Amino acid sequence: MNFVPGGLFITLEGPDGAGKTTQMERLEDFLSRRGFAVECTREPGGTPLAEAIRRLLLEPCYGPVDARTEMLLYAAARAQHVAERIRPALDAGKIVLCDRFTDSSIAYQGYGRGLGIEMVRQVNRLATSGLLPDLTLLIDVPVELGLARLRGKGAADRIEGEALAFHRRVRQGYLELWHLEPRRICLIDGTGSPDAVWWQIKDVIVPWLEARGGD
Ligand code: TYD
């Protein structure tokens, strides 16, 4: 097993229906085959307490939820996740793959809910003790395509069921984040087939790992 000193933290981000989950599985498989110790997790969730907060956040029965309450619950789940799972895995030299992280809060609560990126950043700095991903793969899809992909996959959760205008602000927020941090955030075109999306991710990951002496 290949351990990386200090670990590597990779996150996948994107609007609802971008296809992150499929790509996470491929990436986990790819890295494991190359001998890396990989820890795969998701947000909100990843620990028993954070999964319980996830249920509170996503079940439509509690809505409407105040925007600040929502931001703080996502941040509370994240604080537990970082402390209990992500930080220890990084300290053990693993590659941590996480489906969504702080960028989701900035896009959904900061831009989508209109709380602004500064407040969300501050709260999350506290929640994560300043932990930032080493690399973020932002899988971008037009809102209509993302939501169409979700149709037929069961009832929408509280966030998926939001108005089109909300989802448009989220996508726009992600693209602005990419402009702000183009070195950390890598934009992937999510409109093609799962294979087409995966090839783009592989084109990013292989040189990125090599540059860190991880091959
Ligand atoms: P999930 O079913 O995991 O969505 P996906 O499969 O698209 O990742 O539900 C997570 C939802 O919560 C998703 O709509 C995005 C939203 N979310 C936020 O609003 N803020 C956050 O900080 C996080 C992590 C997720």
Side-chain angles (χ1 to χ4, degrees), residues 9-27 40-47 49-60 62-82 85-86 96-117 119-128 131-133 136-143 145-174 177 188 190 194 197:
F9 186 26
I10 302 175
T11 58
L12 275 88
E13 292 282 356
D16 289 274
K20 287 180 287 88
T21 311
T22 313
Q23 300 302 328
M24 274 273 289
E25 286 165 8
R26 291 194 181 202
L27 187 53
C40 233
T41 186
R42 68 162 181 187
E43 290 210 339
T47 76
L49 177 65
E51 291 287 337
I53 297 174
R54 175 190 177 90
R55 288 193 287 281
L56 295 177
L57 276 163
L58 297 183
E59 273 175 21
Y62 300 111
V65 177
D66 173 76
R68 283 181 174 76
T69 310
E70 185 178 270
M71 171 187 67
L72 290 166
L73 283 172
Y74 277 111
R78 183 163 300 129
Q80 186 64 28
H81 191 204
V82 168
R85 187 136 177 227
I86 298 178
V96 176
L97 290 184
C98 190
D99 187 341
R100 299 192 179 282
F101 195 63
T102 300
D103 294 316
S104 280
S105 284
I106 298 178
Y108 283 79
Q109 283 67 54
Y111 287 91
R113 299 288 187 219
L115 291 176
I117 74 173
M119 191 206 292
V120 180
R121 272 219 174 105
Q122 266 181 27
V123 166
N124 276 277
R125 221 173 276 138
L126 178 73
T128 63
L131 178 68
L132 287 172
T136 296
L137 301 164
L138 169 55
I139 306 181
D140 178 57
V141 285
V143 167
L145 176 61
L147 295 180
R149 282 178 179 169
L150 294 180
R151 257 173 244 133
K153 282 197 176 170
D157 66 38
R158 193 177 56 81
I159 304 280
E160 287 165 4
E162 281 293 336
L164 206 56
F166 171 83
H167 290 288
R168 284 198 212 290
R169 289 195 296 278
V170 170
R171 183 195 182 199
Q172 200 47 43
Y174 270 127
L177 280 179
I188 305 289
V197 177

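All values reported here derive from a predicted model rather than from experimental measurement. Numbering of ligands and ligand atoms starts at 1, following listing order. All values below were derived from every heavy atom in this structure, side-chain atoms included, with hydrogens, water molecules and symmetry-related copies excluded.
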Among His167, Arg78, Gln109, Arg42, closest by heavy atom to atom 19 (O) of ligand 1 is Gln109

Among all protein heavy atoms, pick out the one at the shortest distance from [atom]; state its residue, atom name and that distance to 0.1 Å.
atom: atom 7 (O) of ligand 1; answer: Arg100 NH2, 3.0 Å
atom: atom 22 (O) of ligand 1; answer: Ser105 OG, 2.6 Å
atom: atom 11 (C) of ligand 1; answer: Leu58 CD2, 3.8 Å
atom: atom 21 (C) of ligand 1; answer: Tyr74 CD2, 3.3 Å

State the [atom1]-[atom2] distance between [X] and [Y], to the nearest 0.5 angstrom.
X: Leu49; Y: His81; atom1: CG; atom2: NE2; result: 11.5 Å
X: Gln23; Y: Leu12; atom1: CD; atom2: CG; result: 8.0 Å
X: Arg100; Y: Ser105; atom1: CZ; atom2: OG; result: 10.0 Å
X: Gln122; Y: Ile117; atom1: CD; atom2: CD1; result: 11.5 Å

Purely on distance, is any nitrogen or oxygen of [X] under 3.5 Å from one on ligand 1?
X: Lys20; answer: yes
X: Glu160; answer: no
X: Glu70; answer: no
X: Glu43; answer: no

(Q) Applying ring pair (Phe, Tyr, Trp, His ring centres under 6.0 Å) to Tyr74 and Tyr108, what does each step give before you reach the verdict? (A) CA-CA 11 Å; Tyr74 277 111; Tyr108 283 79; 7.9 Å; no

Identify, by atom number and element, the atoms of ligand 1 in contact range of [X], meaning under 4.0 Å from any of its heavy atoms.
X: Asp16; result: 7 (O), 13 (C), 14 (O)
X: Ile159; result: 14 (O)
X: Asp157; result: 2 (O), 9 (O)

Under 4.0 Å between heavy atoms, the region of Arg54 that gets near ligand 1 turns out to be side chain

Honestly, for Thr102 the part within reach of ligand 1 (heavy atoms, under 4.0 Å) is neither

Ion pair present between Arg42 and Glu51, side-chain N to carboxylate O less than 4.0 angstrom? yes

### Electrostatic pair Glu160-Lys153, nearest N-O below 4.0 angstrom
no

Within 45° cone of Tyr62 ring axis and under 6.0 Å: Arg158 NZ or CZ: no

Verdict with supporting geometry, Lys20 and Glu13, salt bridge (Lys or Arg N to Asp or Glu O under 4.0 Å): CA-CA 7 Å; Lys20 287 180 287 88; Glu13 292 282 356; over 6 Å; no

